[in-house]
Amino acid sequence: QFTGMCHDLFLKYDTIKPLFAKAEEILEFDISKIMFEGSKEELIQTKVTQPAIFIHSMAILKILGESFKPDLVAGHSLGEFSALVAAGVLNYEDGLKLVSIRANAMQKACQETNGTMAAILGLADNIVESTCNEIEGIVNPANYNCPGQLVISGEVEAVNKVCELLKEIG
């Protein structure tokens, strides 16, 4: 996620504008404004990040239209919802509602536990795991996304400390 995400597509393709209008109705906040002009702090809130990424994926799907004819679709974590819509299992509105419920539940859990998550890119899993074990506080690997991409979660201070150490490592 980044400030300005999907704005270029929004300006170029009128066909995706209804996706944003429906999103604002479902989410009950101005997701377009946050995606197009929001601060990093606004965008990193899970309740914003997850719907924004889903909407961006759905905009691309809409733009591809009939030319998108996969033999199969798959998604990981949040991407599962995009895959389900692409496969026709869910419609856009239901997919966004589920993403919003998921995002709000995760946001609430983070706020209640002073927790956060961070994606670690480009390091071996064992390096990330051992660095987590060296830190006081709670921080653990949470999602092994693929080789070279591991998500950690835990207390904000502990996650931040691991991130600092891992940046030094590379």
Side-chain angles (χ1 to χ4, degrees), residues 1-7 23 26-61 70 72-87 89-90 94-170:
Q1 71 275 0
F2 56 92
T3 298
M5 64 186 293
C6 206
H7 192 236
I26 290 169
L27 299 172
E28 300 180 346
F29 65 90
D30 193 346
I31 187 80
S32 305
K33 183 171 181 151
I34 297 172
M35 289 173 69
F36 301 161
E37 305 169 17
S39 67
K40 179 181 177 184
E41 290 71 30
E42 291 172 300
L43 282 167
I44 65 170
Q45 293 180 67
T46 304
K47 67 181 182 180
V48 174
T49 302
Q50 291 187 16
I53 292 169
F54 176 79
I55 293 164
H56 193 253
S57 297
M58 294 298 94
I60 293 168
L61 182 63
L72 62 97
V73 295
H76 172 70
S77 192
L78 176 61
E80 292 176 66
F81 295 95
S82 299
L84 289 168
V85 174
V89 175
L90 289 174
D94 290 340
L96 183 57
K97 287 175 188 174
L98 290 170
V99 167
S100 180
I101 291 167
R102 175 185 195 265
N104 283 310
M106 291 176 75
Q107 181 81 38
K108 182 179 179 189
C110 284
Q111 290 169 339
E112 289 179 359
T113 61
N114 189 33
T116 192
M117 300 177 88
I120 309 302
L121 308 175
L123 291 174
D125 293 347
N126 64 323
I127 293 172
V128 178
E129 293 163 348
S130 65
T131 305
C132 286
N133 290 334
E134 295 171 12
I135 301 301
E136 283 192 39
I138 299 170
V139 57
N140 295 293
N143 298 325
Y144 292 82
N145 289 340
C146 65
Q149 187 182 89
L150 193 154
V151 176
I152 60 173
S153 68
E155 298 168 329
V156 172
E157 188 175 317
V159 169
N160 289 342
K161 183 63 178 168
V162 168
C163 288
E164 288 172 25
L165 292 172
L166 292 174
K167 282 179 186 175
E168 291 173 13
I169 295 170

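Numbers for residues simply follow the sequence, beginning at 1. Scope of the values below: all heavy atoms of this structure, side chains included, with no hydrogens, waters or symmetry mates.
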Can you give each donor-acceptor pair under 3.5 Å made by side-chain atoms of residues 148-155, sequence neighbours left out, with the distance rounded to 0.1 Å?
residue: Gln149; atom: OE1; partner: Asn145; partner atom: ND2; Å: 2.8
residue: Glu155; atom: OE1; partner: Ile138; partner atom: N; Å: 2.9

Which atom pairs, donor and acceptor, lie under 3.5 Å between side-chain atoms of residues 156-170 and protein residues at least two apart or in another chain?
residue: Asn160; atom: ND2; partner: Val156; partner atom: O; Å: 3.3

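Residues Ile31 and Pro51 approach most closely at CD1-CB, 4.5 Å, considering heavy atoms. Of all heavy-atom pairs between Lys47 and Phe29, the closest is O-CZ, 3.9 Å. Nearest heavy atom pair, residue Ala23 against residue Ile55, reads CB-CD1, 3.5 Å. When every heavy atom of Cys6 is checked against every heavy atom of Ala59, the shortest pair comes out as SG-CB, 3.8 Å.
Side-chain atoms of Ser130 and Asn126 form no donor-acceptor pair, as typed in the model, at a separation below 3.5 Å.
A 6.0 Å sphere centred on CD of Glu28 holds no more than 12 heavy atoms belonging to other residues, nucleotides or ligands.
Side-chain atoms of Thr49 come within 3.5 Å of backbone atoms of Leu43 as a donor-acceptor pair (strictly under, hydrogens ignored). At distances below 3.5 Å, at least one donor-acceptor pair connects side-chain atoms of Ser57 with backbone N or O atoms of Ile53.
The line from CG of Leu123 to CD of Glu129 is 11.5 Å long, rounded to the nearest 0.5 Å. The line from CG of Leu78 to CZ of Phe54 is 8.0 Å long, rounded to the nearest 0.5 Å. Atom CD of Gln1 and atom NZ of Lys40 lie 9.0 Å apart (nearest 0.5 Å). Atom CG of Leu98 sits about 11.5 Å away from atom CD of Glu80, to the nearest 0.5 Å. Note that the CG atom of Leu27 and the CG atom of Asn104 stand 8.5 Å from one another [nearest 0.5 Å].
Partners of Ser77 by side-chain hydrogen bond (donor to acceptor under 3.5 Å, both in side chains), not counting sequence neighbours, listed by chain and number: Arg102.
Ring geometry for His56 versus Phe2: interplanar angle over 60°, hence perpendicular rather than tilted (30 to 60°).
Contact check for Ser39 versus Glu42: side-chain heavy atoms found under the 4.5 Å cut-off. Within the 4.5 Å cutoff, side-chain heavy atoms of Met117 are placed close to those of Asn143.
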